[in-house]
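One structure is given below, encoded as structure tokens.
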Amino acid sequence: MPEAPRARRYSVFAIAREALRQHKGWTRAWASPEPKSRYKVIVVGAGGHGLATAYYLGKNFGITDVAVIEKGWLGGGNTGRNTTIIRSNYLQDPSAAIYEKSRSLYETLSQDLNYNIMFSPRGLIMLAQTEHEIRGYKRTVYANNLQGVQTEWLDPQQLKAKVPIINLDGPRYPVLGGLYQARGGTARHDAVAWGYARACSDMGMHIIQNCEVTGVETEGGQVRAVNTAKGRIGCDKLAIVVAGHSSQLAAMAGFRLPIESVALQALVSEPIKPCMDVVVMANTVHGYMSQSDKGEMVIGGGTDGFNNFTQRGSWQHVEETVRALIETFPMISRLKMLRQWGGIVDMTGDRSPILSSTPVGGIFVNCGWGTGGFKAIPGSGWAMAELVAKGTPGPLAADFGLNRFREGRFIDESVAAGVAH
């Protein structure tokens, strides 16, 4: 298929002009070229993190001889299978820094990409339903204030004012307060991937779908090429950004990663009239929920208790999650489930990501985001692009190297992740 011409700028004037021309002037959002024999950088994984890495390689470092290869379709992995939550209220300084960078980039991402990602800074609440959670979340508020992340503590009456449908006196756990980040929110997950893909293609990068990696060639401890379903492709540098499949790609290159892959599931209800304009997370009973622009209640579930690579939900977690949320939001007991799905998340021991060089020269890895990958896409791509371009991590990625596991420098975010692991 021939490459698409340079993308036209989207605007209200372009829409009006095309409306008069029966919309015959639109071009493809991104090209679908055949792979070249060699690239300066190959990014494996055309999800949000991989596309963001490629985009910031071009934007920040002028590196555009890049191929983003994907075994399936663009954005078909976790990027299109999450609950779209964006926040940065993490406890540890390295985590708060990279997530806040990401959240701030989300605020202007539609303008940067000239593509509406439907970013909605509606606010996010993490409920405290035990005395232990009160202490933990207040500690996080204090830490966030020192980090420059805007969060605050709300008492039950303030929570009720923001979320009228909430039940403060649940049968098991009352709502005792909550951590509130006013500038948190949601975005359209597919649009994030599409916007980055369009911008990458416009810079001349190649996005190659249905191109599964079957092997990694190395020589003298240095990466040389990848073998794919579309043939051998040489490269100077290789970025592995494939979430739950990272351990499989690492094994092809001859090293191991300290991650486990498990399924995380979610579901949505039938659409209803607007009743909730914030995101609410409840860790004690385990459930989190927001309302989409279409009116669906978007509900996050838990991770499976065993390693697997499935992309579907399980009735056990549907029942557990819905039961927990009905205690806090009784009105949803009357709703029907519209659909459910699962994603393959990559979990590290400290529940923090890995952005690192590897034992093989020229190979870099971005993985371990666990249940928090979507909110980190712009910041992750920004930090990963700097790592790949320079060969050494910048300030955002410096603490997330593989060597932290050998040295015992864990970045423990098991509580701030907001879900039961």
Side-chain angles (χ1 to χ4, degrees), residues 36-69 94-95 97-98 101-102 105 196 200 203-206 213 215-227 232-243 246-247 249-259 346 348 352-369 376-407 409 411:
K36 299 190 303 183
S37 61
R38 185 171 191 84
Y39 296 88
K40 185 172 184 179
V41 178
I42 291 178
V43 179
V44 184
H49 290 258
L51 291 166
T53 298
Y55 173 72
Y56 293 114
L57 277 171
K59 180 180 180 180
N60 294 349
F61 300 98
I63 300 173
T64 57
D65 185 18
V66 177
V68 184
I69 59 179
S95 303
I98 195 166
K101 176 66 174 180
S102 188
L105 287 171
Y196 274 125
C200 288
M203 287 190 280
M205 299 179 185
H206 285 186
V213 174
V216 178
E217 290 186 17
T218 62
E219 181 181 342
Q222 185 76 21
V223 67
R224 290 290 178 257
V226 293
N227 297 309
R232 181 184 185 275
I233 309 175
C235 64
D236 297 331
K237 295 181 178 181
L238 176 66
I240 297 174
V241 195
V242 292
S246 298
S247 55
L249 268 291
M252 293 180 188
F255 61 92
R256 297 178 64 188
L257 291 172
I259 65 169
D346 41 334
T348 62
S352 290
I354 299 169
L355 294 108
S356 181
S357 57
T358 69
V360 180
I363 296 184
F364 305 88
V365 65
N366 179 348
C367 66
W369 292 97
I377 285 174
S380 164
W382 184 286
M384 186 66 173
E386 183 174 14
L387 173 62
V388 173
K390 296 182 177 179
T392 55
L396 286 177
D399 291 307
F400 296 104
L402 278 167
N403 57 355
R404 79 176 189 269
F405 298 101
R406 182 174 63 249
E407 298 170 357
R409 295 185 294 100
I411 306 172

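As the structure is a prediction and not an experimental result, all values here were calculated from the model.
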Would you please name every residue forming a side-chain contact (heavy atoms from CB on, under 4.5 Å) with [X], sequence neighbours left out?
X    : value
A225 : E217, R232
A383 : I98, L355, L396, A397
P359 : F255
T218 : V216, V360

Mind checking side chain to side chain donor-acceptor pair (under 3.5 Å) for [X] and listing every partner two or more places apart, or none if nothing turns up?
X    : value
E219 : none
S352 : none
S380 : H49, N366
D236 : R38

- Message: Could you measure the distance from the CD1 atom of I363 to the CG atom of L249? Nearest 0.5 Å is fine.
- Response: 9.0 Å
Could you tell me which non-hydrogen atom of [X] sits nearest to which non-hydrogen atom of [Y], and how far apart they are?
X    : Y    : answer
I377 : G48  : CG2-O, 3.5 Å
Y39  : I233 : CD1-CG2, 3.6 Å
S247 : L257 : N-CD1, 4.3 Å

- Side-chain touch I411/S95, heavy atoms, less than 4.5 angstrom: yes
- For residues 45-63, which residue pairs qualify under salt bridge (charged side-chain N to carboxylate O under 4.0 Å, His left out), counting only residues two or more places apart or in two chains? none
- Query: How would you list all residue pairs meeting salt bridge (charged side-chain N to carboxylate O under 4.0 Å, His left out) that involve residues 383-392, not counting sequence neighbours?
  - Reply: E386-K390
- Partners of K40 by salt bridge (charged side-chain N to carboxylate O under 4.0 Å, His left out), sequence neighbours excluded? none
- Before giving the answer on side-chain contact (heavy atoms from CB on, under 4.5 Å), spell out for V44 and I42 the whole-Å C-alpha distance, their side-chain angles and the decisive distance to 0.1 Å. CA-CA 6 Å; V44 184; I42 291 178; 4.1 Å; yes
- Task: Keeping to residues at least two apart or across chains, list the side-chain hydrogen bond (donor to acceptor under 3.5 Å, both in side chains) pairs with something in residues 392-406.
- Result: D350-R404, N403-R409
- Please work out whether the ring planes of F400 and W369 are parallel, tilted or perpendicular, with thresholds of 30° and 60°. tilted
- Message: Consider side-chain contact (heavy atoms from CB on, under 4.5 Å). Of I63, T64, L57, which one does M203 pass it with?
- Response: T64
